[in-house]
Peer 1: 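Right, I'll just put the structure down here and ask away after.
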Protein chains: 2
Amino acid sequence: MTPPKRYSRQREKILEAVRTATVHPTAEMVYETVREEIPNLSLGTVYRNLNLLTEEGKISEVVLEDNIKRYDGNTDDHYHCICESCGRIFDVSLDAEPLVNELAEQIRDFTIDSHKIEFYGHCENCSE
Amino acid sequence: MTPPKRYSRQREKILEAVRTATVHPTAEMVYETVREEIPNLSLGTVYRNLNLLTEEGKISEVVLEDNIKRYDGNTDDHYHCICESCGRIFDVSLDAEPLVNELAEQIRDFTIDSHKIEFYGHCENCSE
DNA sequence: TTGAGTGCAAACTATTTGCAACTGG
DNA sequence: CCAGTTGCAAATAGTTTGCACTCAA
């Protein structure tokens with residue numbers, strides 16, 4: 001079903017770029033970063049690998065209202081805080097299980113597999 | 001600052017279409033619906049008005065991982081359940097305030113204005 | 001009358017894809 | 001060698017925008 005996979009330097013560097021990024025990068029940002037090491041890298045390859053890595057669960061997508069996909073190399077359970085001023089996305093680890101379960105009990109006619117929580121507001125830099 | 005606004009039948013029908021839709025429609029779906037009443041409606045007008053109505057807070061955008069904007073005419077506080085089989089989005093009203101506040105207390109260096117919760121899973125039709 | 005709103009088409013942006021060349025196993 | 005992967009460019013898909021025309025106020 002799923003095609004076998006081979007090593008590729010491009011894929012390795014793309015994964016590394018997402019994992020080590022200090023922000024949640026877009027495909028374009030990953031492209032620019034990896035291109036410093038692999039100058040003839042193509043954007044198509046970046047997209048192909050980001051999708052592949054997402055399917056494999058090695059990274060995940062974050063979609064905000066601007067319709068641009070951003071990628072997250074943090075595979076631990078966590079939530080996001082989105083600053084409405086600078087647009088940056090911050091990871092937060094919260095033990096939300098018990099609270100979410102409590103909410104889930106109120107939901108009928110739907111089987112919940114997973115959930116997502118996003119907080120919108122302002123980061124420290126943009127507050128004040 | 002904000003330009004004054006005039007009545008337009010297009011805008012009225014577009015708002016009505018979003019409000020009465022049984023699903024959370026895409027711009028394309030709104031276009032098809034309203035076109036039954038206003039045959040020479042243009043897609044550009046639909047996009048312009050959906051953006052305008054969103055800015056006014058009369059409807060809201062829902063963005064999933066497929067990067068297609070869907071619109072929600074329900075302006076009450078509520079959350080979404082997304083069926084991973086059929087892709088449909090269901091509204092759920094939950095009193096999550098106390099729980100969310102509890103979570104919010106764990107968050108540092110970020111001022112929360114609002115939040116969003118999405119549940120992924122399977123709807124009644126797609127379960128089984 | 002006049003500027004907000006529209007229809008139409010062209011322009012944009014993000015992403016995907018076809019294909020020949022390349023490469024890891 | 002051979003199928004997975006790449007680079008490149010062309011193609012999509014969703015959305016935005018410029019412009020002349022229309023219409024609400």
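Sequence lines set the chain letters: A, B, ... in the order given, protein chains first and strands last, and positions in each chain run from 1. Quantities reported herein were computed from a predicted structural model and do not represent experimental measurements.
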Peer 1: Excluding sequence neighbours, so at least two apart, what forms side-chain contact (heavy atoms from CB on, under 4.5 Å) with B:S8?
Peer 2: B:Q10, B:R11
Peer 1: Nearest whole angstrom, please: distance from the C1' of C:dG5 to the CD1 of B:I38.
Peer 2: 12 Å
Peer 1: Let me have a per-nucleotide readout for nucleotides 17-25 of chain D, 5' to 3', with B, S or -, counting only protein heavy atoms under 4.0 Å.
Peer 2: BB----BBS
Peer 1: Tell me every residue that passes side chain to side chain donor-acceptor pair (under 3.5 Å) with A:E32, counting only those two or more places apart in sequence or in another chain.
Peer 2: A:R35
Peer 1: Under the ring pair (Phe, Tyr, Trp, His ring centres under 6.0 Å) definition, can you give me all pairs with a residue in residues 74-108 of chain A, not counting sequence neighbours?
Peer 2: A:H24-A:H80, A:H78-A:H80, A:Y79-A:H115
Peer 1: Tell me the interatomic distance from A:L53, atom CG, to D:dT5, atom C1', rounded to whole angstroms.
Peer 2: 13 Å
Peer 1: Roughly, in whole Å, what's the span from CD in A:E55 to C1' in C:dT15?
Peer 2: 14 Å
Peer 1: Is there a side-chain polar atom (N or O) of B:N40 under 4.0 Å from OP1 or OP2 of C:dC8?
Peer 2: no
Peer 1: Can you name the residues that form a side chain to side chain donor-acceptor pair (under 3.5 Å) with B:S85, not counting sequence neighbours?
Peer 2: B:H122
Peer 1: Answer yes or no: is there a side-chain heavy-atom contact under 4.5 Å between B:C86 and B:N125?
Peer 2: no
Peer 1: At a heavy-atom distance below 4.0 Å, what parts of residues 10-20 of chain A sit against DNA chain D?
Peer 2: A:Q10, A:R11
Peer 1: Tell me: CD of B:E28 to P of D:dT12, nearest whole Å?
Peer 2: 16 Å
Peer 1: Would you jot down, in residue-number order, the residues of residues 58-69 of chain B having a non-hydrogen atom under 4.0 Å from DNA chain D?
Peer 2: B:I68, B:K69
Peer 1: Just jot down the side chain to side chain donor-acceptor pair (under 3.5 Å) partners of A:E102, sequence neighbours excluded, or say none.
Peer 2: none
Peer 1: Suppose we screen for side chain to side chain donor-acceptor pair (under 3.5 Å). Which residues come up paired with B:E56, at least two apart in sequence or across chains?
Peer 2: B:K5, B:K58
Peer 1: Hey, what else clusters with A:Y71 if you join Ile, Leu, Val, Met, Phe, Trp, Tyr whenever side-chain heavy atoms sit under 4.5 Å?
Peer 2: A:I14, A:L15, A:V18, A:V30, A:Y31, A:V34, A:I38, A:L41, A:L43, A:V46, A:Y47, A:L50, A:L53, A:I59
Peer 1: Applying the 4.5 Å side-chain criterion to the ILVMFWY set and letting contacts propagate, would A:F110 and B:V62 be lumped into a single cluster?
Peer 2: no
Peer 1: Is it true that A:E16 and A:R9 make a salt bridge, defined as a side-chain N closer than 4.0 Å to a carboxylate O?
Peer 2: no
Peer 1: Could you state the atom-to-atom distance from OH of A:Y31 to P of C:dT15 in whole Å?
Peer 2: 14 Å
Peer 1: Of all residues at least two apart in sequence or in a different chain, which pass the side-chain contact (heavy atoms from CB on, under 4.5 Å) check with B:T26?
Peer 2: B:E28, B:M29, B:I68, B:R70
Peer 1: Between the two end axes of the helix from C:dT1-D:dA25 to C:dG25-D:dC1, each built from 5 base pairs, what angle do you get to the nearest 10°?
Peer 2: 30°
Peer 1: Should we count CG of A:D91 as having more than 12 external heavy atoms under 6.0 Å?
Peer 2: yes
Peer 1: Nearest-Å distance, CG (A:N51) to C1' (D:dT6)?
Peer 2: 15 Å
Peer 1: Do A:V23 and A:I89 have side chains that get closer than 4.5 Å, going by heavy atoms?
Peer 2: no
